[in-house]
Amino acid sequence: MLNIALDGPAGSGKSTVAKIIAKKLDILYLDTGAMYRACALKCLKEGVDVTDKEKVEKIITDIDLEIRYENGTQITVLDGENVSSDIRKAEVSMLASTVSAHKCVRLKMVEKQREIAASMDCVLDGRDIGSYVLPNAKYKFYVTADSEVRAKRRYKELIERDEKVDFDALHEEIKQRDYNDSHRDFAPLKKADDAVVIDTSDISAEEVAEKILSYVL
Ligand code: DC
């Protein structure tokens with residue numbers, strides 16, 4: 001199977017780039033962040049404190065989470081319900097970062113990610129794909145950008161979706177998520193030793209995709 005690992009911090013442009021690459025190569029795109037977001041949403045719905053390891057473990061062990069594709073687009077299904085847009089809400093982002101730090105949550109999601117990656121050609125975006133989930137992936141990229149640039153991108157995305165957001169608060173949240181994601185004990189956000197690093201601060205998503213495709217094609 002062709003698996004392309006695309007890691008990097010929040011707002012680095014991974015998902016936009018991954019979608020372009022998937023389309024060009026006619027393969028699927030697996031957004032692994034959506035899976036951690038669904039875990040966070042589950043906790044939110046059940047009133048479980050995402051920092052409470054025991055309660056989180058209990059609820060995530062039996063989580064009814066399914067990744068489906070409709071016309072090539074990923075649909076995230078939680079308890080039989082399409083939650084693809086609910087998981088994108090700003091309040092879910094920070095909860096996802098916190099819940100994803102629990103080893104029990106990661107082990108469960110990584111198992112699903114490996115199964116999916118073994119079953120189809122795909123580009124996966126996340127934080128630990130090249131370093132932990134698929135250490136043997138043939139192609140690994142680490143995309144990053146200045147935190148202010150990343151916050152601006154997220155801001156634009158949320159505003160376009162009519163969400164009310166304060167730029168400074170969003171920038172702070174991005175920095176806090178960077179810290180959380182890269183400092184957790186188990187499988188943190190990390191560049192794999194053999195990943196190609198691309199700084200996306202001053203280049204467009206199309207240009208990043210072209211760069212990546214030049215390695216793959
Ligand atoms: O990519 P995203 O912003 O949708 O991810 C939401 C959170 O999920 C992120 O802050 C950290 C976590 N995450 C992770 O720990 N590992 C991944 N492979 C993907 C996301």
Side-chain angles (χ1 to χ4, degrees), residues 3-19 29-44 50-51 56 60 63 65 67 74-76 78 83-117 122-135 137 140-145 147 149-158 161 163 165 170-192 195 200 205:
N3 293 146
I4 302 172
L6 198 55
D7 291 302
S12 55
K14 298 181 305 276
S15 65
T16 312
V17 170
K19 282 178 199 159
Y29 158 49
L30 177 63
D31 168 8
T32 63
M35 299 168 76
Y36 294 101
R37 285 172 178 271
C39 292
L41 187 65
K42 177 74 182 170
C43 292
L44 192 65
V50 289
T51 63
V56 167
I60 300 300
I63 192 169
L65 172 62
I67 300 298
Q74 176 174 331
I75 309 286
T76 306
L78 177 66
V83 293
S84 307
S85 63
D86 289 355
I87 56 171
R88 302 257 77 91
K89 293 203 172 120
E91 59 170 330
V92 177
S93 304
M94 200 63 206
L95 293 175
S97 177
T98 307
V99 86
S100 73
H102 296 295
K103 188 173 178 179
C104 58
V105 173
R106 302 203 71 77
L107 289 177
K108 182 94 185 170
M109 295 304 119
V110 168
E111 191 187 321
K112 279 184 193 284
Q113 290 157 19
R114 287 181 177 152
E115 265 171 32
I116 296 171
C122 58
V123 45
L124 302 89
D125 91 7
R127 302 290 190 287
D128 59 339
I129 307 300
S131 58
Y132 181 77
V133 181
L134 302 174
K140 298 180 185 181
F141 300 91
Y142 187 86
V143 292
T144 184
S147 69
V149 173
R150 293 186 282 118
K152 279 186 184 151
R153 287 181 187 150
R154 268 289 147 92
Y155 183 76
K156 194 166 163 264
E157 252 176 56
L158 292 168
R161 266 190 266 129
E163 283 209 42
V165 270
L170 187 66
H171 189 195
E172 274 317 303
E173 186 219 281
I174 289 234
K175 286 195 276 185
Q176 184 64 48
R177 278 213 285 151
D178 285 355
Y179 185 86
N180 285 358
D181 297 347
S182 53
H183 285 80
R184 63 177 174 239
D185 291 337
F186 186 68
L189 161 67
K190 196 167 99 186
K191 180 192 102 53
T200 71

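In each ligand, atom 1 is the first atom listed, and ligand 1 is the first ligand listed. A quick note: this is a predicted structure, and the numbers were derived from the prediction, not measured.
Across all their heavy atoms, Tyr36 and Val99 have their closest contact at O-CG1, 3.8 Å.
Other residues, nucleotides and ligands contribute over 12 non-hydrogen atoms within 6.0 Å of the NZ atom of Lys112.
In terms of protein heavy-atom proximity, atom 12 (C) of ligand 1 is nearest to Ser100 OG, 3.5 Å. Summary of contacts: the protein heavy atom closest to atom 4 (O) of ligand 1 is Arg37 NE, 2.6 Å. Ranking protein heavy atoms by distance to atom 3 (O) of ligand 1, first place goes to Arg177 NH1, 3.0 Å.
Here's the thing with Arg127: one of its N/O atoms is less than 3.5 angstrom from an N/O atom of ligand 1. For a threshold of 3.5 Å applied to N or O pairs, the pair formed by Asp125 and ligand 1 contains no separation below that value. Polar contact with ligand 1: absent for Tyr36 (N/O pair, distance under 3.5 Å). When only interatomic distances are considered, the shortest N/O to N/O separation between Thr32 and ligand 1 falls below 3.5 Å. Considering backbone and side-chain N/O of Asp181, one or more are found under 3.5 Å from N/O of ligand 1.
Close approach to Asp128 involves these atoms of ligand 1, each under 4.0 Å from a residue heavy atom: 16 (N), 17 (C), 18 (N). Of all atoms in ligand 1, listed by their number and element, those nearer than 4.0 Å to a heavy atom of Ser97 are 10 (O). Listed by number with element, the atoms of ligand 1 under 4.0 Å from a non-hydrogen atom of Arg88 are 4 (O). Against a heavy-atom cut-off of under 4.0 Å, Gly126 is close to the following atoms of ligand 1: 17 (C), 18 (N), 19 (C).
In this structure, Asp178 and Arg150 have side chains that are in contact, with non-hydrogen atoms separated by less than 4.5 Å. Put simply, the side chain of Tyr142 does not reach to within 4.5 Å of the side chain of Leu6, judged on heavy atoms.
Using a 4.0 Å cutoff on heavy atoms, Arg106 counts as a contact of ligand 1. A heavy-atom separation below 4.0 Å is not found between Glu173 and ligand 1. The closest approach between a heavy atom of Arg184 and any atom of ligand 1 is below 4.0 Å.
Each of Ile116, Ile129, Asn3 was scored for a side chain to side chain contact (heavy atoms under 4.5 Å, CB included) with Leu30, with one residue passing: Ile116.
Using modelled atom types, one finds no donor on one side chain facing an acceptor on the other under 3.5 Å when comparing Asp31 with Ser15.
For Arg153, there are no salt bridge (charged side-chain N to carboxylate O under 4.0 Å, His left out) partners two or more places apart in sequence or in a different chain.
Sorted by first then second residue, the salt bridge (Lys or Arg N to Asp or Glu O under 4.0 Å) pairs that include residues 90-106, not counting sequence neighbours, are Arg106-Asp128.
A distance of 8.0 Å separates SG of Cys43 from CG of Leu95, quoted to the nearest 0.5 Å.
The residues Asp7 and Arg127 are annotated as not salt-bridged, no charged nitrogen and carboxylate oxygen being separated by less than 4.0 angstrom.
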